[in-house]
*Asks:* 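What follows is a single structure, and I will ask about it in a moment.
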2 protein chains.
Amino acid sequence: MQISAGLVILFEMRSPTELAQVFREKQLRLTPQRQLLFNLLHDNNSHPTAESLFETASKQMPGISLRTIYQTLGELADMGELQLVDLGNGAMRFDPNMGEHQHFVCGSCGAIHDVDITSAPKLRAGSAEGFAVEEVGVVFHGRCNRCNQGEQKSHHSKRSPGFQAKKIKQVKTN
Amino acid sequence: MQISAGLVILFEMRSPTELAQVFREKQLRLTPQRQLLFNLLHDNNSHPTAESLFETASKQMPGISLRTIYQTLGELADMGELQLVDLGNGAMRFDPNMGEHQHFVCGSCGAIHDVDITSAPKLRAGSAEGFAVEEVGVVFHGRCNRCNQGEQKSHHSKRSPGFQAKKIKQVKTN
DNA sequence: TGTTAGTTATCATGACATGCAAATTAGTGC
DNA sequence: GCACTAATTTGCATGTCATGATAACTAACA
Ligand SMILES: [Mn+2]
Ligand SMILES: [Mn+2]
Ligand SMILES: [Zn+2]
Ligand SMILES: [Zn+2]
């Protein structure tokens with residue numbers, strides 16, 4: 001979904017074929033675990049959690065440690081290959097879409113969609129009164145298109161006590 | 001700070017004199033602990049955490065239980081007297097300002113300021129493509145006016161791993 | 001004053017994330 | 001291919017924030 005049309009530059013993870021280079025640049029060894037996670041995240045717009053990645057990864061690589069998932073995700077974030085997004089749903093989300101964008105959270109199914117605010121209102125106000133705004137995070141809540149149609153199956157329980165809003169964790173791009 | 005001028009209707013907690021009624025309405029007893037917390041929160045724009053309220057409350061009422069703090073804060077939230085705000089700083093914030101507003105987080109001192117987006121861009125877009133936006137949360141990050149002036153003393157360490165953005169937890173107003 | 005809600009203390013649980021040390025392995029040189 | 005060593009992985013412990021559960025005690029209020 002788009003809030004307003006306009007040019008959107010997406011900075012995505014580098015391609016899997018560049019993988020080796022990506023890791024070597026940072027003097028990181030090309031382990032099977034890193035390859036797997038890199039592949040699982042590349043072009044992944046589902047905004048997975050560490051746990052969900054752990055589940056997925058475990059199928060392809062039984063025995064992989066959850067600790068390694070966290071470890072590697074942190075490294076990839078440090079490398080600027082993905083950003084951490086906290087939408088207030090309990091667990092951090094990992095997003096290979098490095099472009100400046102916001103998120104929509106469906107309160108019914110829990111799905112998370114990218115929202116590109118482009119020519120949209122530049123919220124970077126506030127310089128008045130001595131405040132210096134460096135970053136703005138926006139989270140939209142509502143019902144996604146799918147849930148808006150068919151009967152409301154209302155999954156997405158887990159432990160979200162109600163509605164929440166959001167949070168993005170900035171990543172040092174070195 | 002304001003992003004854009006305009007009429008701002010603030011829904012605040014009821015006054016302390018209405019306290020008794022407030023509690024009785026919900027068939028809750030008017031205990032000293034509840035009175036204390038109600039008073040500590042009334043007109044409080046510091047967005048305290050449960051722990052910080054516990055510290056403050058303990059001074060006036062040594063022996064008060066942290067469990068009671070959480071308990072009472074939950075009740076007050078259920079009663080619609082305050083809202084829970086998650087700014088991604090680890091702990092939930094409690095905000096007696098029930099009006100629709102957003103927040104500014106100072107990355108230097110950790111202070112949280114209310115931001116009133118009034119006539120500002122109505123971000124409630126997205127109805128196109130079948131998405132129904134019900135709520136929008138915004139968190140501004142930067143340096144507050146105080147930190148912007150004097151030398152940057154940079155407190156606010158604790159356990160924020162970096163920058164984050166935000167989240168608001170909706171409260172059932174019954 | 002009695003009934004009963006509320007508080008306290010304690011302990012357990014739960015989700016999410018990180019610290020740590022021992023075991024393993026990738027990548028190097030031979 | 002083989003040995004070597006530093007980088008990684010793994011398993012477990014720890015930490016934070018928050019809630020559940022129980023029992024014993026306290027006090028609101030009808
Ligand atoms: Mn995204
Ligand atoms: Mn506020
Ligand atoms: Zn949905
Ligand atoms: Zn500040």
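Here is how names work: the chains are called A, B, and so on, in the same order as the sequence lines, proteins then strands, and each is numbered from 1. These numbers come from a predicted model, not from an experiment.
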*Asks:* To the nearest Å, give me how far apart CG (A:Leu73) and P (D:dT8) are.
*Replies:*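 Going from A:Leu73 (CG) to D:dT8 (P), I get 15 Å.
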
*Asks:* Between the side chains of B:His101 and B:Asp116, is a donor N or O closer than 3.5 angstrom to an acceptor N or O?
*Replies:* no

*Asks:* Tell me, which of residues 59-70 of chain B have any heavy atom that sits under 4.0 Å from an atom in DNA chain C?
*Replies:*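 The stretch gives B:Gly63, B:Ile64, B:Ser65, B:Thr68 as the residues lying under 4.0 Å from the strand, ordered by number.
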
*Asks:* I'd like to check A:Met98 versus A:Met13 (side-chain heavy atoms, cut-off strictly below 4.5 Å). Are they in contact?
*Replies:* no

*Asks:* Measure the distance from CG on A:Leu36 to P on D:dT9 and round it to the nearest whole Å.
*Replies:* 11 Å

*Asks:* From the options C:dA5, C:dT7, C:dC16, select the nucleotide whose nearest atom is closest to the side chain of B:Arg29.
*Replies:*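 In terms of side-chain proximity for B:Arg29, the closest of C:dA5, C:dT7, C:dC16 is C:dA5.
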
*Asks:* Measure the shortest side-chain to side-chain distance between A:Glu25 and A:Arg14 over non-hydrogen atoms and say whether it is less than 4.5 angstrom.
*Replies:* yes

*Asks:* Please state how far atom CG in A:Leu28 lies from atom P in D:dA6, giving the value in whole angstrom units.
*Replies:* 17 Å

*Asks:* OP1, OP2 of D:dA27 versus side-chain N and O of B:Gln33: anything below 4.0 Å?
*Replies:*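 Answer is no, no contact under 4.0 Å.
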
*Asks:* For the helix from C:dT1-D:dA30 to C:dC30-D:dG1, figure out the bend between the end axes, five pairs an end, and round to 10 degrees.
*Replies:* 30°

*Asks:* So, does B:Thr31 get its side chain near the phosphate of C:dT7, meaning an N or O under 4.0 Å from OP1 or OP2?
*Replies:*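 So the side chain of B:Thr31 is within the cut-off, an N or O lying under 4.0 Å from OP1 or OP2 of C:dT7.
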
*Asks:* To the nearest angstrom, how far is A:Phe54 atom CZ from C:dT18 atom P?
*Replies:*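 After rounding, the gap between these two atoms is 16 Å.
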
*Asks:* Looking only at side-chain atoms of A:Ala91, point me to the closest of C:dA17, C:dT7, D:dC17.
*Replies:* C:dA17

*Asks:* For the residue pair A:Thr68 and A:Thr31, establish whether any side-chain heavy-atom pair is separated by less than 4.5 Å.
*Replies:*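 Counting from C-beta outward, A:Thr68 and A:Thr31 never come under 4.5 Å.
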
*Asks:* Between P on D:dT8 and CG on A:Leu76, what's the gap in Å once rounded to a whole number?
*Replies:*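 Result: 12 Å.
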
*Asks:* For the pair made of CZ in A:Phe23 and C1' in D:dA7, what is the distance, rounded to whole Å?
*Replies:*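 Rounded to whole Å, this separation is 13 Å.
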
*Asks:* Is there a side-chain contact between B:Asn45 and B:Asp95 (heavy atoms, below 4.5 Å)?
*Replies:*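 They are not in side-chain contact.
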
*Asks:* Take the protein atom CG of B:Asp78 and the nucleotide atom P of D:dT19, then report the distance between them rounded to whole Å.
*Replies:*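 Those two atoms, CG and P, are 11 Å apart.
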
*Asks:* Between B:Gln71 and A:Thr72, which is nearer to the 5' end of DNA chain D once each is assigned its nearest nucleotide?
*Replies:*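 Result of the comparison: A:Thr72.
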
*Asks:* Do the side chains of A:Glu75 and A:Arg34 get nearer than 4.5 Å, heavy atoms only?
*Replies:*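 When only atoms from C-beta onward are counted, A:Glu75 and A:Arg34 do touch, with a gap below 4.5 Å.
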
*Asks:* So, does A:Gln27 get its side chain near the phosphate of D:dA6, meaning an N or O under 4.0 Å from OP1 or OP2?
*Replies:* no

*Asks:* Take atom CZ of B:Arg34 and atom P of C:dT8, then tell me their distance rounded to the nearest Å.
*Replies:* 11 Å

*Asks:* Before we go on, tell me: are the rings of A:Phe140 and A:His113 under 6.0 Å apart, centre to centre?
*Replies:*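 No, ring centres 6.0 Å or more apart.
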
*Asks:* Taking the side chain as every heavy atom from C-beta outward, state whether B:Thr49 and B:Phe94 have any atom pair closer than 4.5 Å.
*Replies:* no

*Asks:* Does some side-chain heavy atom of B:Val115 sit less than 4.5 Å from a side-chain heavy atom of B:Val138?
*Replies:* no

